[in-house]
Amino acid sequence: MYKAFLIKYAEIAIKGKNRHLFEDALVHQIKIALKPVEGEFLISKEQGRIYIEALTDYDYEETVEQLRHVFGIVGICPVVLTEDEGFEKLCEDVIAYLDARYSDKNKTFKVNARRARKDYPMESMEINAELGGRILDAFPEMKVDVHHPDIMVNIEIRGRINIYSEIIPGPGGMPVGTNGKAMLLLSGGIDSPVAGYMIAKRGVKIDATYFHAPPYTSERAKQKVVDLAKIVARYTGPIYLKVVNFTDIQLYIYEKCPHEELTIIMRRYMMRIAEHFARETGSLGLITGESIGQVASQTMHSLAATNEVCTLPVYRPLIGFDKQEIISVSEKIGTYETSILPYEDCCTIFVAKHPVTKPNLNIIRRSEEKLKEKIDQLVKEAIDSVETIVVEA
Ligand code: ATP
Ligand code: MG
């Protein structure tokens, strides 16, 4: 029954020129999101509003589902747009709308009129009262409830008149592309896809790096990471995923360094390599799924040791989250089921029984000295042999 959507976004904090950039980026992201949907759409900006109008038949459910993945959208309102042909016509349109939308009329309602255009001959309060009366006349089963109505009949008098009563929540945040780009260290776990989602939600475009260790980790473990990137890409747009072969570096560290320091040293090399790709491709920071104290490599001491090798800022959006909180987000965004599939991770394979929880930086640096003969060459080979996969939703 709907031919158009009114898109609500949080505009309060965005002023001046930035607002245009925000709106243009949002329109761009909406276009990308609607590309796979059958049907043709016209997307337009009008006085702090974005409208999506269907020019052909289209799939309503699929359209809403796609829009629910666009950061920056706060509310998706299926709307009836009519020309202003006088108050009588408006009453008819609203009554026809309610009749079509709500087959069960045993409902309470409230009319909420707003005039964005002050030349309309009636004031908002007058419209509320008069239109409310007409609705009661047309549908005697309906009742007014001004505090908790079942149906909020929103009437906005703008260039055209907007009639809507449903607001489907969007994901909020800011449109991807309004805040630069960052490199996500993406593993097959629960945390890193959530971390990527959270940073992308603030308008940041995401690239990703995955370290695998064939034959210790399988092709299916890699496929799992690609699958996770695919789910995250529904929100972020295409993700350029760098797949790095980490086996030789890992074996070399295993051979030369104390095993309880292995995870920290490995982590430091992951950060160095991810940072190399970040710089090469214009990312302004790194993202990890770390959270304080979750495992030995994420104590405050360990995080400091890992962080030391990075010159770009490292964003850790889950730093203060409990595991259960992270799981809740991963369920909400749809990555959880894939994350818990039981494939091996390159870190778990070489993991020590008793990893250090308070690594001493001087000791770690000294251990890394033992790698100096071959490590630069191995890092170079890992970088040179990287495989880049463009992951699309
Ligand atoms: P996750 O659920 O994200 O795997 P985790 O609890 O398993 O997290 P760790 O294995 O200690 O934590 O990894 C911490 C962070 O380091 C991850 O969130 C991720 O950002 C990064 N990371 C770990 N392993 C890899 C990998 N194989 N490839 C890329 N990044 C990785
Ligand atoms: Mg992991």
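In each ligand, atom 1 is the first atom listed, and ligand 1 is the first ligand listed.
For His212, the heavy-atom gap to ligand 1 stays at 4.0 angstrom or more.
A cation-pi arrangement is present between Arg272 and Tyr269 under the rule of less than 6.0 angstrom and at most 45 degrees off the ring axis.
The closest non-hydrogen atom to atom 12 (O) of ligand 1, taken over Arg316, Lys222, Gln298, comes from Gln298. Counting heavy atoms only, Arg267 comes closest to atom 13 (O) of ligand 1 of the residues Met271, Arg267, Glu290.
For ligand 1, the atoms sitting less than 4.0 Å from at least one non-hydrogen atom of Ser297 are 11 (O), numbered in the order shown with element in parentheses. With ligand atoms numbered from 1 in the order given, ligand 1 contributes 28 (N), 29 (C), 30 (N) to contacts under 4.0 Å with heavy atoms of Leu186. The Thr288 neighbourhood of ligand 1 comprises atoms 20 (O), with distances under 4.0 Å to a heavy atom of that residue. Which parts of ligand 1 touch Ile190 is read off a 4.0 Å heavy-atom cut-off, strictly below it: atoms 2 (O). In summary, the atoms of ligand 1 found under 4.0 Å from a heavy atom of Gly289, numbered by their order in the structure, are 17 (C), 18 (O), 20 (O). Within ligand 1, the atoms closer than 4.0 Å to a non-hydrogen atom of Thr209 are 29 (C), numbered from 1 in the order shown.
No chain of hydrophobic side-chain contacts below 4.5 Å, direct or via other Ile, Leu, Val, Met, Phe, Trp or Tyr residues, connects Ile155 to Leu81.
Here Ser192 has heavy atoms under 4.0 Å from ligand 1 in both its backbone and its side chain. When non-hydrogen atoms are compared, ligand 1 lies under 4.0 Å from the side chain of Val295 (C-beta onward) but not from its backbone.
Counting heavy atoms from C-beta on, the side chains of Ser192 and Leu185 never come closer than 4.5 Å. Using a 4.5 Å heavy-atom cutoff, the side chains of Ser367 and Lys370 are in contact.
Polar contact check, Ser187 against ligand 1: a nitrogen or oxygen pair lies under 3.5 Å apart. Geometrically, ligand 1 and Gln294 share a nitrogen or oxygen pair separated by less than 3.5 Å. In terms of polar-atom proximity, defined here as any N/O pair under 3.5 Å, Phe211 does make such a contact with ligand 1. Inclusion of Met270 in the set of residues having an N or O under 3.5 Å from an N or O of ligand 1 is not warranted.
Considering all non-hydrogen atoms of both residues, Pro149 and Met152 come closest at CG-CE, 4.2 Å.
Partners of Glu156 under the side-chain hydrogen bond (donor to acceptor under 3.5 Å, both in side chains) rule, at least two apart in sequence or in another chain, are Arg49, Arg158, Tyr164. The side-chain hydrogen bond (donor to acceptor under 3.5 Å, both in side chains) search around Ser218 returns Glu344, not counting sequence neighbours.
More than 12 heavy atoms of other residues, nucleotides or ligands shown are found within 6.0 angstrom of CD on Glu126.
Checking each of Asp191, Val329, Ile190, Ile292 against Leu318 for a side-chain contact (heavy atoms from CB on, under 4.5 Å) leaves exactly one that passes, namely Asp191.
Using the six-membered ring where Trp is involved, Tyr235 and Tyr197 have ring planes that are perpendicular, over 60° apart on the 30 and 60° scheme.
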